[in-house]
Amino acid sequence: MAETLTIGKALNLGLRKAMEDDAKVVLMGEDIGKLGGVFRITDGLQKDFGEARVVDTPLAEAGILGTAVGLAMRGYRPVCEIQFDGFVFPAYNQIVTQVAKIHARSKGRLQMPIVIRIPFGGGIGAVEHHSESPEAYFAHTAGLKVVAVSTPADAYWGIQQAIAAPDPIVFLEPKRRYWEKGAVDTDTAPGPLFGSRVVRGGDDVTVLAYGPMVKTALQAAEAAAEEGRSLEVIDLRTVSPLDLDPVFDSVRRTGRCVVVHEAPVTLGLGAEIAARVTETCFHSLEAPVLRVGGYDTPYPPSKLEEEYLPDLDRVLDAVDRSLGF
Amino acid sequence: MTALQQTTEVVDPVPGAGAPHLPGQPELVQLLTPEGERVEHPDYALDVSDDELRGLYRDLALVRRWDVEATALQRQGELGIWASLLGQEAAQVGAGRALAPDDMAFPTYREHGVAWTRGVDPLHVISLFRGVDQGGWDPVATHFNLYTVVIGAQTLHATGYAMGLQRDGAESATLAFLGDGATSQGEVNEAMIWAATFAAPVVFFCQNNQYAISVPIERQSRVPLYQRAAGFGFPGVRVDGNDVLAVLAVTRAALAAAREGSGPTFIEAFTYRMGAHTTSDDPTRYRLASELEEWKLRDPIARLKAHLSRAGIADADFFASVDAEGDELAARIRQGTVEMPDPAGTEIFDHVYAEQTPELARQREEFVAYHASFEGEGH
Ligand SMILES: Cc1ncc(C[n+]2csc(CCOP(=O)(O)OP(=O)(O)O)c2C)c(N)n1
Ligand SMILES: [Mg+2]
């Protein structure tokens, strides 16, 4: 069945489906019960599944993740909501030293099917700590997988796939796109969770993005087309593991590659991708892989976020520089 | 009886379920009843002049006026968000006025009333909520730290600062603000352990406004919060947070004890968040209007006003003059907000480090050149 849903509603329905399918799925987080979460992603779920399966936790992120580990050891599938990206850090110790390592430590005897849902990224005019892009911290941590959705269909299916997966997954939700609508086929998944996808074909430059920047990249491609430039846009969808085969195929044709993310460029995902594209496609490249991202500064006060965040113009500027090489 | 039953028996009454006198709380320190009647407490005598009493009223009224104006400004799109202190004026003004000039306060994001008592310009608080900066005041000059949004983090800073005071032999103390929800954070518990272990001159001032966004206090604690202090090894006291005199007396005593080397105190100011968590919040989703009505009867400003009038300490002219001052303040805040200039884009690069790095300096130049390239294009 095809429905038109927002990303937020698609997540809500995906969570509902996952809870119906598996009684071991437990949602944990601050304000996710009666309030339905500050973004209403869990709206109505506590009413229908009860307080034992949709748990309003004490205000303690280390507690949320630490107890999730124990619940996972008992066969539960905790889905932890972190209220905002900037508030994951009290839980960072548990995520990095425990959640990520327990499978290896136990030689596979213990699985950690924990999903850590984080609304991430900026552009909503918020105060400090509400607009962060912490994906590289997690992608740098062996044992964690990291995905970022950009469409309602991926949100609906991705959250279910993540919950069903055996490894811990940091599930990044593009908060400023929660209200964007798109078609969702609730019968057929749009593809595996850990796969990237060409979302617009093109010949001149390959543009890579994930999460909130996919829309920005598509807008840039639209604008570029008016000037006769054909951009191929790839939604990476998965940040760790990376699925770069479609990227390599694309870059071998275009010879040019631009990576876009909100996170600061230094040691961001773009750095890793640039290295791998260079290693694999060196002889096809007509220009160095260019990165468009946040500056190496704290996320600024909201009056300055438009100047901080990559936008259509900055993507096109990088495209111009790539073509000018 | 199981251990669990034993602990659940001392759970607080449902917030607001009782009558205005907060019955069943003999441990609640109160110097002014909700009706405005002055009462004595054996442990907390308070010596205040009529001038001071009128000053406290003025503080409460002006802080509320500021808060109401800021909420209106947010509604009109002038602020990104506002965290209202409505209902918590007495807790904040009482605590703030207990501070000596050299004491240091460590607020959360809601302590506008304390900011007021430290002489912070309301516009320097507004600028944070407008998205212009992360707080425009000087934390060193005002002895009022910048707002800390990550729940509980500042309690450790207050403890460390207190340890510094202690090393320096300074006769000052710190006042760490936190909410009821914050008491669940690991860092807050660590702060209390450190404070106790080193007998640091810090006072933890917890405004139990009954909610952490939508989550009621029962989800954070099975015992009244002030009783937690005993487990850490220092005194805890519950004060009527809507009684500015009691808050002033209790906080003064705790700060004095800290300065004298007696170590920390935990103060639970029992109050109520009369507004939404922030302007983004919708409390109708999680609490009953009747609860708010109950708490309105304990309004912190009305009770002081009743006391001042009844005791002949202030007359109608005084109240009218405070109202007029409130109107002026609101007008100044409004004008200052709408006229507040946007920050320059280059500011994001300028204070990241004490010593600028070559890489960031390069990014700044690139930023300037990039924006200059649009000049004349109507961008
Ligand atoms: C570490 C962290 N987690 C979550 C949040 C989001 N958040 C902001 S305020 C708040 C509730 C705080 O409740 P409380 O401590 O009682 O203070 P109050 O807002 O009631 O003054 C939450 C969960 C945060 N700011 N920091
Ligand atoms: Mg609270």
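In what follows, chains are A, B, ... by sequence order, proteins preceding strands, each numbered from 1. Everything quoted here is computed from the prediction, not taken from an experiment.
- Taking the side chain as every heavy atom from C-beta outward, A:Leu304 and B:Pro343 approach each other to under 4.5 Å.
- A:Asp296 places a side-chain heavy atom less than 4.5 Å from the side chain of B:Gln363.
- Although no hydrogens or angles enter the test, the distance criterion places no donor-acceptor pair under 3.5 Å between the side chain of A:Tyr295 and the main chain of B:Leu360.
- With hydrogens and angles ignored, the 3.5 Å screen pairs no side-chain donor or acceptor of A:Glu128 with any backbone N or O of B:Val149.
- Counting non-hydrogen atoms of neighbouring residues, nucleotides and ligands closer than 6.0 angstrom, the CD atom of B:Gln76 exceeds 12 such neighbours.
- Salt bridge annotation for A:Asp43-B:Arg285: present, with a cationic side-chain nitrogen under 4.0 angstrom from a carboxylate oxygen.
- Here the CD-CD distance, from B:Glu347 to A:Glu307, works out to 11.0 Å after rounding to the nearest 0.5 Å.
- Rounding to the nearest 0.5 Å gives a distance of 9.5 Å between CG of A:Asp313 and NE2 of B:His371.
- Between the CZ atom of B:Phe349 and the OH atom of A:Tyr308 there is a distance of 9.5 Å, given to the nearest 0.5 Å.
- Using modelled atom types, one side-chain atom of B:Arg219 and one backbone atom of A:Asp56 make a donor-acceptor pair closer than 3.5 Å.
- Nearest heavy atom pair, residue B:Gln220 against residue A:Leu59, reads OE1-N, 3.0 Å.
- Considering every non-hydrogen atom in both A:Pro298 and B:Val352, the closest pair reads CD-CG2, 3.6 Å.
- Scanning all heavy atoms of the two residues, the minimum distance from A:Ser302 to B:Gly131 falls at OG-CA, 3.2 Å.
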Show me, pair by pair, the donor-acceptor contacts under 3.5 angstrom made by side chains of residues 221-229 of chain A, not counting sequence neighbours?
from	atom 1	to	atom 2	distance (Å)
A:Glu222	OE1	A:Arg200	NH1	3.0
A:Arg229	NH1	A:Asp320	OD1	2.2

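- Using a 4.5 Å cut-off between heavy atoms, B:Glu359 contacts chain A through its side chain alone, with no backbone atom that close.
- For the atom pair CD1 of B:Ile348 and OG1 of A:Thr297, the computed distance is 4.5 Å after rounding to the nearest 0.5 Å.
- At a heavy-atom separation below 4.5 angstrom, chain A is approached by B:Gly181, B:Ala182, B:Ser184, B:Gln185 within residues 181-189 of chain B.
- Residue B:Asp180: no heavy atom, backbone or side chain, is found under 4.5 Å from chain A.
- Remark: A:Phe49 CZ is packed, more than 12 non-hydrogen atoms of other residues, nucleotides or ligands lying under 6.0 Å away.
- Heavy atoms of A:Glu305 lying under 4.5 Å from chain B are absent altogether.
- Residue B:Tyr109 does not touch chain A at all, counting heavy-atom pairs closer than 4.5 Å.
- Contact annotation: the side chain of A:Arg40 approaches that of B:Asp282 to within less than 4.5 Å [non-hydrogen atoms, C-beta and beyond].
- In this structure, A:Tyr76 places its OH atom where only 12 or fewer heavy-atom neighbours from other residues, nucleotides or ligands lie under 6.0 Å away.
- Neither the backbone nor the side chain of B:Arg364 comes within contact range of chain A; no heavy atoms are under 4.5 Å apart.
- Counting only heavy atoms from C-beta outward, the side chains of B:Val150 and A:Phe89 never approach each other to under 4.5 Å.
- Put simply, of B:Ile213, B:Asp133, B:Asp342, B:Asp281, the one with the most heavy-atom pairs under 4.5 Å next to chain A is B:Ile213.
- Only the side chain of B:Ile81 comes within contact range of chain A, with at least one heavy atom under 4.5 Å from a heavy atom of that chain.
- Between B:Tyr370 and A:Arg314, the closest heavy-atom pair is OH-CG, 3.0 Å.
- Comparing A:His130, A:His129, A:Lys303 by how many heavy-atom pairs each has under 4.5 Å with chain B, the most go to A:Lys303.
- Nearest heavy atom pair, residue B:Ala212 against residue A:Asp31, reads O-OD1, 3.3 Å.
- Within 6.0 Å of CD in B:Gln335 there are 12 or fewer heavy atoms belonging to other residues, nucleotides or ligands.
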